[in-house]
Amino acid sequence: RLRRSPSRNFGHGCGTVLRLSPVFSLPVGALGSAGATMAADDDLPLRWGGLGPRSPPRTRAAPGGEDLRWQRLLLPRAGRRSPVIGVGLRTLAVIAVCAAAVAATCRSSALGQACADLAFTARAVGKSKSEPWKVTAWNQHRKSSYLQKDCVWISKLLDAGYSRNDINTAVEEVGVEYSPKEMQDWVNSYDVALVQELDPLLRDALGEKLCRNLICGANDLDGRGIEVESSTGMLLNPESGLESIKVEHAKLGFRTRNFRGVSILVSRELVVVRVRRASDGHEAVFCSLHLHPPGQVEASGSSYLRYLEPLERAVLAAAGATAPGAEAGEEAEVCFPVPCFLAGDFNMDPADFRERTCESAFWRAFELREPGGEKTAHRSNPSTRGDFAASAGPSGPGTWTSSALGPEDFGPFESYAADVTRAAEGLIQLKLGQVKLEVGLRALERSVLDVQDLCSEDALASANRAAMREALEGCRKSVASAVRCLKRETRIKKAMRQRKGLHTSDHRPLHFEGSLAGSSSKT
């Protein structure tokens, strides 16, 4: 028997709840074939809020191998323990179809409306995201940063004896491209992708569809104080049903002096986003982190905690939390109404970060999640374990598994670095060869003119003059042809592209999968 009753504050996402009394039954064949099980206390009427109470549905394996959606039910009598119902996904589909058929037949009656609600509830639970959250973070090593002195190819080319100006010119001319399919498949495998050093090349590879759900900060101001086309970004997978409901910005920076002694501003803008998942109403706060190396921050005269203050304010604002006042003392704790997950490139080891932030009540609330203690960055970076995550929530940091993708020895990156080095060296050699030939060509052209002048003064025998002029002209043409060949070869090399992928960065992509403890669920 189905009867509608007004919804009370059960934390559900539906406007009505269904009272099933005394027991909810379907034909044995429908339930048996779907592998459904039901467990309840006595024959008490049950109230089933299909979109779930405070915690999301759990998935367990049935004896027949089918996943069951286990949902805590609410009893109408106070003081009694709620029973649990486990319904197979195929059974939920049967319920939805049967209820929808009854609703269509009895459209104007109370029974029809109740069955329509039941069909909606069954479909919602069947489609609910009971699986854990999947989050990835990656510093993709933007192309415009290839001129930094700690890049592998810079040191190799300097060791080969080339000048820095020639190296910079050649590295800038090396072409790079992504595989759009690889990048898109990577993002589509996750609910949330947290990217550092997002540049136009990566945007183009991700494509227009994914970039519609891209949230990013302003362009960075690099170590020279120059704005570069690079930022932190966050991609919400459109297939995951995630909605951005609040965005906060945090500009982290400091002032320093360039090699001329002029004061410049170095900064990165981070975005802190509160998202809601449509399937279960859960909310969480995410942030793509790209922090400056602590040595650079402290060399500017600023403390590291002061440097992080804009990020703290942004996370608190996005989560709807408040920082404890000074009168609360050192033992005060920060309580987050919704889970928070910050991941990316911290540019220092987790132990170092914990030591530098241990005096902050805000950061003490977070648990650091290092991907298995593995190296996450190439040795050319400030820290080889500087990529990790920090999580916190209303009932703890959640349960997560984490790993770094790709080989720990950075073999693909070493091969990519060798390719970039060879391509840049080839361009340098072509340029140097072209310069030398052009010098010789100009000398030959002057010699031809000098011979003509000698001819006008009748200083040589006519036969010798003609032979010399012919020889010089032949040399000039040969050198000019060689110059054209070098220019053509240079254009060909510039048009070639080095294939960049997930594992050719000097940072490994991070994989996180788990539950955000105490995820808020709001209607």
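- Ring centers of Tyr190 and Trp138: at least 6.0 Å apart, outside the cut-off.
- For Lys375, the NZ atom is loosely surrounded, since the number of other residues' heavy atoms within 6.0 Å does not exceed 12.
- With 3.5 Å as the limit, one finds a donor-acceptor pair spanning the side chains of Ser391 and Arg369.
- Using a 4.0 Å cut-off between charged side-chain N and carboxylate O, Glu489 and Lys487 make no salt bridge.
- Each of Arg497, Arg499, Lys500 was checked for a salt bridge (charged side-chain N to carboxylate O under 4.0 Å, His left out) with Glu177, and the lone residue meeting it is Arg499.
- Here the shortest heavy-atom pairing between Ser230 and Glu197 reads OG-CA, 3.3 Å.
- Heavy atoms of other residues, nucleotides or ligands lying less than 6.0 angstrom from CD of Glu414 number more than 12.
- Remark: Glu182 engages no residue in a salt bridge (charged side-chain N to carboxylate O under 4.0 Å, His left out) (not counting sequence neighbours).
- Under 4.0 Å is where a charged nitrogen must lie from a carboxylate oxygen, and between Arg422 and Asp419 at least one such pair does.
- Remark: the backbone N or O of Glu239 is paired with a side-chain donor or acceptor of Asn237 at under 3.5 angstrom.
- Here the side chains of Lys493 and Leu430 are in contact, with some heavy-atom distance below 4.5 Å.
- Aromatic ring centroids of His292 and Phe254 lie under 6.0 Å apart.
- At a threshold of 4.0 Å, the pair Glu298-Arg356 counts as salt-bridged, since one of the basic side-chain nitrogens sits closer than that to a carboxylate oxygen.
- Taking 4.0 Å as the cut-off between side-chain N and carboxylate O, Asp166 and Lys431 count as a salt-bridged pair.
- Smallest separation of non-hydrogen atoms from Gly320 and Arg274: N-NH1, 4.0 Å.
- Residue pairs meeting the side chain to side chain donor-acceptor pair (under 3.5 Å) criterion with at least one member in residues 202-217: none, sequence neighbours excluded.
- Side-chain contact check for Leu157 versus Glu425: some heavy-atom pair is nearer than 4.5 Å.
- One finds a salt bridge joining Arg276 and Glu283 here, because a Lys/Arg side-chain nitrogen approaches an Asp/Glu carboxylate oxygen to under 4.0 Å.
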